[in-house]
Amino acid sequence: MNKAFFYAGGYAKAGEGGIGLYALDPQTGACTVESECTLAENPSYLLCHPHKDILYAVEELQPEGRIIALSRENGTLRKKCAFPTGGSDPCHLALSPEGKFLFVSNYTSGSLAVFTLDEDGVPAGVSDFVQHSMTERDREGANPIRQERAHVHFAHCDGARVFVCDLGLDKVLVYGWDSAHGKLTGCVEEIEFPKGSGPRHLALSENGQYLYVICELSVEVHVFVRDKDHWRRIQTVSAVPEEFRTIPEFFQSTGAAIRIAHDTLMVSTRGHDSIALFRIDRSGQLCDRQIFFAEGKTPRDFQVFGEFLFVANQDSGSLSLFRRSNRTDEYVFGGHVPHGGNPSCICLIPESTGKL
């Protein structure tokens with residue numbers, strides 16, 4: 001079986017190894033650092049184009065962040081271009097399904113920028129820009145420290161709609177999508193959360209009927225079902241043990257990443273420094289929660305490679321490697337892999353490109 005390759009990005013100064021290229025040997029479980037890229041400052045989120053040999057990275061900076069596009073050439077990254085994002089601290093990237101537009105979430109300034117991509121996948125300019133704002137109604141019951149304004153944290157486009165998580169507003173805003181011109185066509189639904197929840201990231205089921213949202217501040221997963229033309233909440237579950245929610249350390253814990261792998265939903269929690277696994281039943285609801293520690297501090301992101309799980313531990317400066325046991329079906333810790341900065345994102349390299 002051939003090696004699998006992936007990138008890990010994180011917080012690092014310009015000239016430091018903020019982006020690492022890693023190789024995993026699926027037979028032995030060995031993971032090695034192949035190279036480091038020093039071309040980006042605070043590349044806290046990475047995304048590979050599924051059909052082009054391009055890696056995108058945010059540069060999480062104030063007062064204005066940037067996105068950069070890097071060509072992938074035999075394991076070496078070369079900068080193609082850089083654009084300001086129109087906001088501060090960009091923290092997430094997403095592509096439209098056909099790969100022609102790039103969505104950039106500006107966390108601190110609470111905005112979403114949409115970039116047009118040329119035929120090579122390189123950003124060519126901004127096709128749309130949306131600025132969120134907080135109303136007096138939004139301020140009622142909000143966390144005064146973390147929710148002092150709008151904070152756009154995540155976007156996902158399913159081809160017809162764009163889902164935008166706003167931690168500051170306690171909402172997921174659903175926009176219409178004009179795929180021909182790369183424009184959001186107005187908000188068609190506001191999915192509201194209990195005050196102080198802080199929706200951060202979301203995942204859609206493969207059939208598009210179920211929506212799962214991890215809330216950073218409440219450390220809960222909210223489950224919604226598509227009900228005609230709107231989303232209806234059917235379940236809310238904790239991503240940490242119930243007894244942990246009663247002690248002071250809980251209030252320093254925050255939900256981070258959420259992903260679906262087969263029939264399992266996975267969530268990482270910082271502070272508690274754990275990964276929670278839920279089985280998704282036929283009704284789309286979550287059950288059979290399992291929790292294990294991330295073997296590192298501040299698990300900001302994770303990715304699943306077949307039977308392998310990698311976790312980016314931001315405040316440990318390393319990645320944790322786990323392998324699922326065929327005997328117990330549980331993830332077994334297999335060691336740490338170093339990172340040149342403070343890792344915050346793991347990015348799989350699409351096999352379809354045929355290049356590192």
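- Residues Val311 and Leu321 do not share a hydrophobic cluster, clusters being chains of Ile/Leu/Val/Met/Phe/Trp/Tyr side chains in contact below 4.5 Å.
- The nearest pair of heavy atoms linking Leu46 to Cys347 is CB-CB, 3.9 Å.
- Within 6.0 Å of CD in Glu243 there are more than 12 heavy atoms belonging to other residues, nucleotides or ligands.
- Between the side chains of Glu60 and Ser44, at least one donor N or O sits under 3.5 Å from an acceptor N or O.
- Using a 4.5 Å cut-off on side-chain heavy atoms (C-beta onward), Pro123 and Cys81 make contact.
- Using a cutoff of 4.0 Å between basic side-chain nitrogens and carboxylate oxygens, Asp301 and Arg259 are scored as salt-bridged.
- Here OG1 of Thr38 is found 10.0 Å from CG of Leu77. Values are rounded to the nearest 0.5 Å.
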I would like to know whether Cys48 and Arg72 meet side-chain contact (heavy atoms from CB on, under 4.5 Å); could you show each step before the answer?
CA-CA 9 Å; Cys48 280; Arg72 301 191 290 111; 4.0 Å; yes
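- Of the residues Arg300, His272, Arg270, the one that meets the side chain to side chain donor-acceptor pair (under 3.5 Å) test with Thr254 is Arg270.
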Full working for ring-ring contact (aromatic ring centres under 6.0 Å, His included) between Phe292 and Phe322
CA-CA 11 Å; Phe292 59 92; Phe322 295 85; 5.3 Å; yes
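- Taken from CG in Asn143 to OG in Ser218, the straight-line distance is 11.0 Å, to the nearest 0.5 Å.
- Counting only heavy atoms from C-beta outward, the side chains of Trp177 and Arg161 never approach each other to under 4.5 Å.
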Give the C-alpha distance, both sets of side-chain angles, the deciding distance and a yes or no for side chain to side chain donor-acceptor pair (under 3.5 Å) between Asp178 and Thr185.
CA-CA 6 Å; Asp178 178 353; Thr185 58; over 6 Å; no
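- In this structure, Arg233 forms a cation-pi arrangement with Phe193, its terminal cationic atom sitting closer than 6.0 Å to the ring centre and no more than 45° off the ring axis.
- No more than 12 heavy atoms of other residues, nucleotides or ligands lie within 6.0 Å of CD1 in Ile145, so this atom counts as exposed by the packing criterion.
- Within the 4.5 Å cutoff, side-chain heavy atoms of Gln147 are placed close to those of Leu167.
- With a 4.5 Å cut-off on side-chain heavy atoms, Ser253 and Val240 do not count as touching.
- Put simply, Val152 and Ile258 are part of two different groups of oily side chains (I, L, V, M, F, W, Y) that touch within less than 4.5 Å, one to the next.
- Contact of the Leu286 side chain with the Tyr212 side chain is registered, since non-hydrogen atoms from C-beta on lie closer than 4.5 Å.
- Remark: the Tyr11 side chain and the Gln314 side chain contain no N/O donor-acceptor pair separated by less than 3.5 Å.
- Looking only at atom types and distance, the side chain of Ser205 has a donor-acceptor partner in the side chain of Asn207 under 3.5 Å away.
- One hydrophobic cluster, built from ILVMFWY side chains closer than 4.5 Å, cannot hold both Phe302 and Ile349; they sit in different ones.
- Distance check, rounded to the nearest 0.5 Å: CZ of Phe224 to CD of Gln209 gives 15.0 Å.
- How far CD1 of Ile68 is from CG of Leu55: 8.0 Å, rounded to the nearest 0.5 Å.
- For the pair Glu136 and Arg139, the salt-bridge criterion is met [side-chain N within less than 4.0 Å of a carboxylate O].
- Annotation: His181, atom NE2; neighbour count of heavy atoms from other residues, nucleotides and ligands within 6.0 Å does not exceed 12.
- Minimum interatomic distance between Ala69 and Ile54 (heavy atoms only, all atoms of both residues): CB-CG2, 4.2 Å.
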Under the side-chain contact (heavy atoms from CB on, under 4.5 Å) rule, what do Val223 and Leu265 come out as? Steps first, then yes or no, please.
CA-CA 11 Å; Val223 183; Leu265 183 112; over 6 Å; no
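- Looking at His230 and Val174, their side chains never come closer than 4.5 Å, going by heavy atoms from C-beta outward.
- Linking ILVMFWY side-chain heavy atoms closer than 4.5 Å, directly or via other members, places Leu204 and Val172 in a single hydrophobic cluster.
- Taking every heavy atom of both residues into account, Phe101 and Ser127 meet most closely at CD2-OG, 3.9 Å.
- Looking at Lys100 and Leu117, their side chains never come closer than 4.5 Å, going by heavy atoms from C-beta outward.
- Enclosure of atom CD in Glu206 is not indicated, since only 12 or fewer non-hydrogen atoms of other residues, nucleotides or ligands lie within 6.0 angstrom.
- Minimum interatomic distance between Asn342 and Asp315 (heavy atoms only, all atoms of both residues): ND2-CA, 4.3 Å.
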Would Leu319 and Phe6 count as a side-chain contact (heavy atoms from CB on, under 4.5 Å) if you check the C-alpha gap in whole Å, the side-chain angles of each, and the deciding distance to 0.1 Å?
CA-CA 12 Å; Leu319 310 180; Phe6 65 94; 3.8 Å; yes
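- With hydrophobic clusters built from ILVMFWY side chains whose heavy atoms lie under 4.5 angstrom apart, Phe154 shares a cluster with Val188.
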Assess the residue pair Asp263 and Arg279 against the criterion (salt bridge (Lys or Arg N to Asp or Glu O under 4.0 Å)); give the C-alpha distance rounded to whole Å, side-chain angles, the decisive distance to 0.1 Å, and a yes or no.
CA-CA 6 Å; Asp263 62 346; Arg279 184 173 62 83; 5.9 Å; no
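- Summarising the geometry, atom CG belonging to Asn326 is positioned 6.0 Å from atom CD belonging to Glu307; distances are rounded to the nearest 0.5 Å.
- Screening His153, His201, His92 against Tyr45 for a ring-ring contact (aromatic ring centres under 6.0 Å, His included) leaves a single residue, His92.
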Show your reasoning for whether side-chain contact (heavy atoms from CB on, under 4.5 Å) applies to Thr264 and Val304.
CA-CA 11 Å; Thr264 301; Val304 176; over 6 Å; no
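- Taking the side chain as every heavy atom from C-beta outward, Pro194 and His222 approach each other to under 4.5 Å.
- To the nearest 0.5 Å, the span separating NE2 on His132 from CG on Leu169 amounts to 7.0 Å.
- More than 12 heavy atoms of other shown residues, nucleotides or ligands fall within 6.0 angstrom of atom NZ in Lys195.
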